[in-house]
Engineer: 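There's a structure below that I have some questions on.
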Amino acid sequence: MRFSAATSPATRLTDAAARISQRLGDPGIDIQTLEDEELLGLLADAADTRKALELIVAAASTEVSRRSSRDLGYEGLAQRKGLRTGTALVQQITGLARADVVRAVEAGTELAPVAPVAPVAPVAEGVDAATPAPATSAAWLQRLRDALAAGALSQAQFQAIRAGLGEPPVERYPELDPDFLPQAWGRAVELLLDEAATQAVEDLRNQARVARDRLDPVGVTLRFEERFAARSFRTWTDAQGQRHGHILFDDEAGAWVDALLQAALRPRRGPRFVGADAGDRTRAAESDERTNEQLQYDTLVAVLRTGANADPQQAFGDRQPGVRIIVDSSAITDGDERGAMTLTRVGHCEDGGAAIPAGVVEARLCDSGAVPVFWNTDGRPLDIGRELRLFTRKQRIAIGARDGGCMWPSCAAPISQCEFHHLDHWWEDHGRTDVDDGIPLCRNCHLRLHNQGWRIRRTRDPVTGADTYWLHPPPDPLTGEMVEPTRLVSKSPRRFEAA
Ligand SMILES: [Zn+2]
Ligand SMILES: [Zn+2]
């Protein structure tokens, strides 16, 4: 790896070191006696020095790894020093933890992708000759690497942006110009580089993910489904008899639980002088000796208890604790060839801005309704329309009595775990609903239906007036052909009664 002379870490190191020794004056100076500005300047110079040193450590560690490749056998650098791996050798010299060495090598590899060393080549000379030139990287990535090499980004900032953005998924969008996404990635990198100076590393990573999700709506659904599939809750008892639990949330349920816990913690965090009884509540919160973890635990257990004790329709029926999702109405299309409304773009959580796949937004529109907000041409919000709420509590009871549980053919979820899917055209009908257009589906089946483009249609017998519901699979992904629908059968015990 070769650094350009102007931005070489060695040059920056010398400069910063010179400033530091000037600030410190004679070696015996006491940091406690420095003026504020001097103190902050010293800290900034020391941080610059560290960034430059980190780069040198990264570059050197990467080179040690490369020269210690397993393929080289006993000829490898680490192996000649009596160690098994390059990482172990770097650890021995630097005193760094293994994870830090791995991270340094990752950063070094980003700056100069490691080329394998041919095992037969003599190592002492000809390393360069044996090294094929790395493929030229995309402009957006090069820009990011340059910013790291020039010290504009720390390694942590670099990795936050790199991991948050990922690679532009060009292969997912064959209809787009192949340069379109890499260019969009380039614009996102410029914005993030600007923001890097003022944002905490965690926020930077989050913003990089927000940018990626905006630009890759298909990936949003794939990533959502991956995390949804990974959802889990397990409990165990340790040797002392204490019960433990470990939860992996899917995005949506995670946001819901966050909202719940935030609400419980708000009196401890929020502004403390608002509202007539706010003072009392704040004092109550101050005298509450529970830790935040204990308060969160108590909140979660209380919600579970309430849910277990209450009539499910009563507890969760028509008013669910809220996570508000924002979606642009221009993303809503009238319907596909099968007549159902679809969303063409992702939405985002009001809190935190995390992207929500179109399918999940559709499922929420079905079950929880919407509030339209109108904008004037200057982009100012003009007006709030009438709330579009879907099935009422009474309608849900009627649908539940008719269908008896999740209507997905192979699913046995009871009605208490169901959401209410709206067949179609909920938007044009402005939320007016008829029980004939509602189908109970458990959360899992409901999300699958919307995320994968399944549809439920209703046919009515002209003579008897009886309704039949059909589950239409998405078109065959290979041939594009329509697949035969499956007839949905009520799960209610009533179906066994003679008509
Ligand atoms: Zn639905
Ligand atoms: Zn189901």
Side-chain angles (χ1 to χ4, degrees), residues 220-221 224-225 228-229 231 250-253 256 312-313 316-318 320 322-323 325 327 329 331-336 338-347 356-371 388-393 395-396 398-458 467 469-474 485-492 495:
V220 168
T221 304
F224 179 92
E225 291 197 326
F228 190 79
R231 72 197 186 281
D250 71 84
D251 294 1
E252 201 202 7
W256 187 88
Q313 289 296 337
F316 303 118
D318 52 10
Q320 307 215 342
V323 175
I325 300 172
V327 62
S329 65
I332 300 170
T333 62
D334 284 355
D336 58 14
R338 286 165 296 164
M341 181 268 320
T342 51
L343 279 182
T344 52
R345 293 207 299 277
V346 301
I356 309 285
V360 178
V361 177
E362 285 175 23
R364 292 284 73 79
L365 286 169
C366 267
D367 193 56
S368 308
V371 177
L388 312 178
R389 186 159 282 291
L390 294 164
F391 301 103
T392 64
R393 189 171 154 251
Q395 285 177 316
R396 287 165 195 252
I399 296 169
R402 181 192 69 204
D403 293 334
C406 176
M407 283 284 270
W408 200 273
S410 55
C411 184
I415 210 73
S416 61
Q417 291 173 15
C418 285
E419 301 177 344
F420 291 81
H421 173 65
H422 195 275
L423 255 50
D424 46 28
H425 297 308
W426 65 273
W427 187 256
E428 297 96 282
D429 294 344
H430 296 289
R432 274 189 293 106
T433 51
D434 189 298
V435 292
D436 297 340
D437 288 333
I439 287 288
L441 292 172
C442 73
R443 181 164 177 265
N444 196 10
C445 294
H446 196 196
L447 285 175
R448 183 196 306 127
L449 178 125
H450 283 286
N451 274 333
Q452 299 178 1
W454 295 68
R455 302 274 180 252
I456 296 176
R457 309 298 312 280
R458 174 168 58 83
D467 283 333
Y469 296 92
W470 302 90
L471 179 64
H472 293 255
T486 312
R487 180 160 179 266
L488 293 181
V489 182
S490 167
K491 312 274 173 87
S492 163
R495 72 187 185 282

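Every number for a ligand or one of its atoms is a count from 1 in the order of the listing. Counting begins at 1 with the first residue of the sequence. Keep in mind that the numbers below use all heavy atoms, side chains included, and drop hydrogens, waters and symmetry copies.
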Engineer: Can you give the angle Cys445 SG - the Zn ion (ligand 2) - Cys411 SG, rounded to 10°?
Structural biologist: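 Roughly 110°, rounded to 10°.
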Engineer: Given NE2 of His450 on one side and ND1 of His421 on the other, what angle do they make at the Zn ion (ligand 1), to 10°?
Structural biologist: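 It rounds to 100°.
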Engineer: How large, to 10°, is the angle at the Zn ion (ligand 1) when you draw lines to SG on Cys366 and to NE2 on His446?
Structural biologist: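 Vertex at the Zn ion (ligand 1): approximately 120°.
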Engineer: Return yes when at least one N/O/S atom of Cys418 is nearer than 2.8 Å to the Zn ion (ligand 2), and no when none is.
Structural biologist: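 Of the N, O and S atoms in Cys418, none lies under 2.8 Å from the Zn ion (ligand 2), which means no.
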Engineer: Under the side chain to side chain contact (heavy atoms under 4.5 Å, CB included) test against Leu441, which residue among His446, Arg448, His450 passes?
Structural biologist: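 Output: one option passes, namely His446.
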Engineer: Hey, could you give me the SG/CD distance between Cys406 and Glu419, rounded to the nearest 0.5 Å?
Structural biologist: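 Output value for this atom pair is 10.0 Å.
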Engineer: Taking all non-hydrogen atoms of both residues, which atom of Ile415 and which atom of Gly405 are closest, and how far apart?
Structural biologist: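 Here Ile415 and Gly405 meet closest at CD1-N, 3.5 Å.
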Engineer: Which heavy atom of Lys491 sits nearest to which heavy atom of Met407, and what is that distance?
Structural biologist: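 For Lys491 versus Met407, the nearest heavy atoms are NZ-C, 4.0 Å.
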